[in-house]
Amino acid sequence: MRRSAQLDQYSAYIGEDVLTTIYNKADKLRGIHVSHINTTAHGGGVAEILAELEPLVRDFDIKHTRKIIQLDEKAHDFTSSLIGLLQGGQSGDISATDRDNFVDWLGQARLSEHDDAADAYIVHDYQLVPLAQLYDWMKPAAWFCHVDTAHPNPHALNYVKSFLDAYQLAIFNTELSVFPDLPTNFSQVMILGIDPFQRKHAPLEHAQGVKILQQCGIDVHRPLITQVSRFDPWKNPKQVIDVYRLVKQQLPEVQLAFVGAMTATDDTGAVDVLHDLQHYADGDTDIHFLSDPAIVGDDQVNAFQRYSSVILQRSLREGFGLTATEAMWKNQPVVGTSATGLRTQLVDGQNGYIVDDTATCAERTLELLLKRDLWQRLGTNAHEHVRTHYLLPMMLLSYLDALEKIYLTPSQQTGIESQVTVSDIDPENTASLAD
Ligand code: UDP
């Protein structure tokens, strides 16, 4: 069993038995080539997950390659309306013509068996679900759903399900998003996790963090509310401004920051959302928009998540919401909504708040701004919750489980000793390590 120095760093967090299970699973998969296919190289949760897994799987001799299928404007229009339906925000249907046009577009040799063949394929997100059916050499394949499908419009659900036969497995971020009626051995919940050794989440001295905020135009002597997110209507940024305005009536010195570097190439609507939001801010110089990727990098995200006075995540829908996990790791009690991924992570009143309406959200935010003992206590719980549930090795174990399911044939699996799986990890029995 060859060990990975990077993974071994986690022994203080998760215990040796889990590490051993990971190594045993990885050994069975050593040498395979997995192709990940998605719509953007940078920005957003998918890119984040792949970047985190990459160095670890390299240590296991599992080769990852990325294939990006960049959507054109028409394809983007189709998928924007599809996500509106799939996440349940809108009623309506998918026209047969729109569906056929999009599927034809995807089928126009965007992939070739000659150049893109691998031992296993992971197709990311709702946009690309037709791929395994279109390219029948793409086997074995798993479809990985990253969006919030807890309340799908039935037409959108049927659209996605009509392509699933070509897959061996469908992966979801949370139990709540798993489509009803899928055979149990066809679906898997893959726990997401963050890597505390990554620069974005590494310890950052207070003085250094404050300096970074200052460089971003923040007055560090006044309280700051922040939401870190892509500029996307599903992240509900207008409500963030409404909440800030209510808080400002009680606490005039408060400031607001939106941190959303525009790096995702599949996020073509982001510029419009930002402009709309700037218009809504109506010249308020205490509202800061940080969207330039030349200015907002890992250190800036780290500083805002760590040293803002309160972190909001007001998403209307959320598959998981890594931004919440990241802030919680940095001792922030996030004021979130009941969106699927957020209510999975947050325990209301214990490690943050789950609140949907603007007025109550403003009350909670003000409370956290004024009662710093409460903020600190909930923040400590938030950090602990992430330590015990959402660190990278838990995600890695889920990922290896998925690869095992799709790649290893039953005969190859015979003889694998009974091993710990993610659901067997007892968070209470894992060792602790200070951030
Ligand atoms: N992110 C970032 N810079 C930014 C804004 C976001 O690196 O300016 C990252 C953030 O740290 C997180 C990811 O983008 O890791 C967003 O993932 P999430 O699951 O919250 O939302 P998604 O974008 O996938 O909807």
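This structure is a prediction, so every number in the text was calculated from the model and none was measured. Indexing begins at 1, ligand by ligand and atom by atom, following the structure's order.
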*Verify salt bridge (Lys or Arg N to Asp or Glu O under 4.0 Å) between Glu253 and Lys248, making sure each step is shown before the conclusion.*
CA-CA 7 Å; Glu253 64 269 35; Lys248 205 169 178 68; over 6 Å; no
_Suppose we measure from atom 15 (O) of ligand 1 to each protein heavy atom; which comes out shortest, and what is that distance?_
Glu326 OE2, 2.5 Å
*For Val296, counting its heavy atoms only, list the atoms of ligand 1 lying under 4.0 Å from any of them.*
8 (O)
*List every atom of ligand 1 that sits less than 4.0 Å from any heavy atom of Gly321, numbering the atoms from 1 in the order shown and giving each element.*
19 (O), 20 (O)
*Under 3.5 Å: N/O of Gly45 near N/O of ligand 1*: yes
*How far is atom 4 (C) of ligand 1 from its nearest protein heavy atom, and which residue and atom is that?*
Ala261 N, 3.6 Å
*Does at least one non-hydrogen atom of His146 fall below 4.0 angstrom from an atom of ligand 1?*
no
*asked:* Students should be able to answer this: which protein heavy-atom is nearest to atom 3 (N) of ligand 1, and at what distance?
replied: Val301 CG2, 3.5 Å
*Closest candidate by heavy atom, reference atom 21 (O) of ligand 1, pool Gln198, Lys235, Arg230*: Lys235
*Any atoms of ligand 1 less than 4.0 Å from a non-hydrogen atom of Val228? List them with their elements.*
5 (C), 6 (C)
*Has ligand 1 got any nitrogen or oxygen that is less than 3.5 angstrom from a nitrogen or oxygen of Thr323?*
yes
*Who are the side chain to side chain contact (heavy atoms under 4.5 Å, CB included) partners of Asn351, not counting sequence neighbours?*
Met328, Leu346, Val347, Asn381, Ala382, His385
*Atom CD of Gln108 with >12 non-hydrogen neighbours under 6.0 angstrom*: yes
*How close does the nearest protein non-hydrogen atom get to atom 18 (P) of ligand 1, and which residue and atom is it?*
Leu322 N, 3.5 Å
*Evaluate whether atom NZ of Lys63 has more than 12 neighbouring non-hydrogen atoms of other residues, nucleotides or ligands under 6.0 angstrom away.*
no
_Among all the protein's non-hydrogen atoms, which is closest to atom 13 (C) of ligand 1, and how far away is it?_
Gly44 C, 3.8 Å
_Determine whether a donor-acceptor pair (N or O, by modelled atom type, separation under 3.5 Å) exists between the side chain of Asp356 and the backbone of Ser338._
yes
_Distance from atom 7 (O) of ligand 1 to nearest protein heavy atom, with residue and atom_ = Lys200 NZ, 2.9 Å
*Could you verify whether a donor N or O on one side chain and an acceptor N or O on the other, from His33 and Thr65, lie under 3.5 Å apart?*
yes
_As an exercise, identify every atom of ligand 1 less than 4.0 angstrom from a heavy atom of Glu48._
15 (O)
_For Lys200, is there an ion pair with Asp299 - N to carboxylate O distance below 4.0 angstrom?_
no
*Judged by modelled atom types alone, do Thr360 and Asp357 share a side-chain donor-acceptor pair under 3.5 Å?*
yes
*Is Arg245 close enough and on-axis enough to Tyr280, meaning under 6.0 Å and within 45°, for cation-pi?*
yes
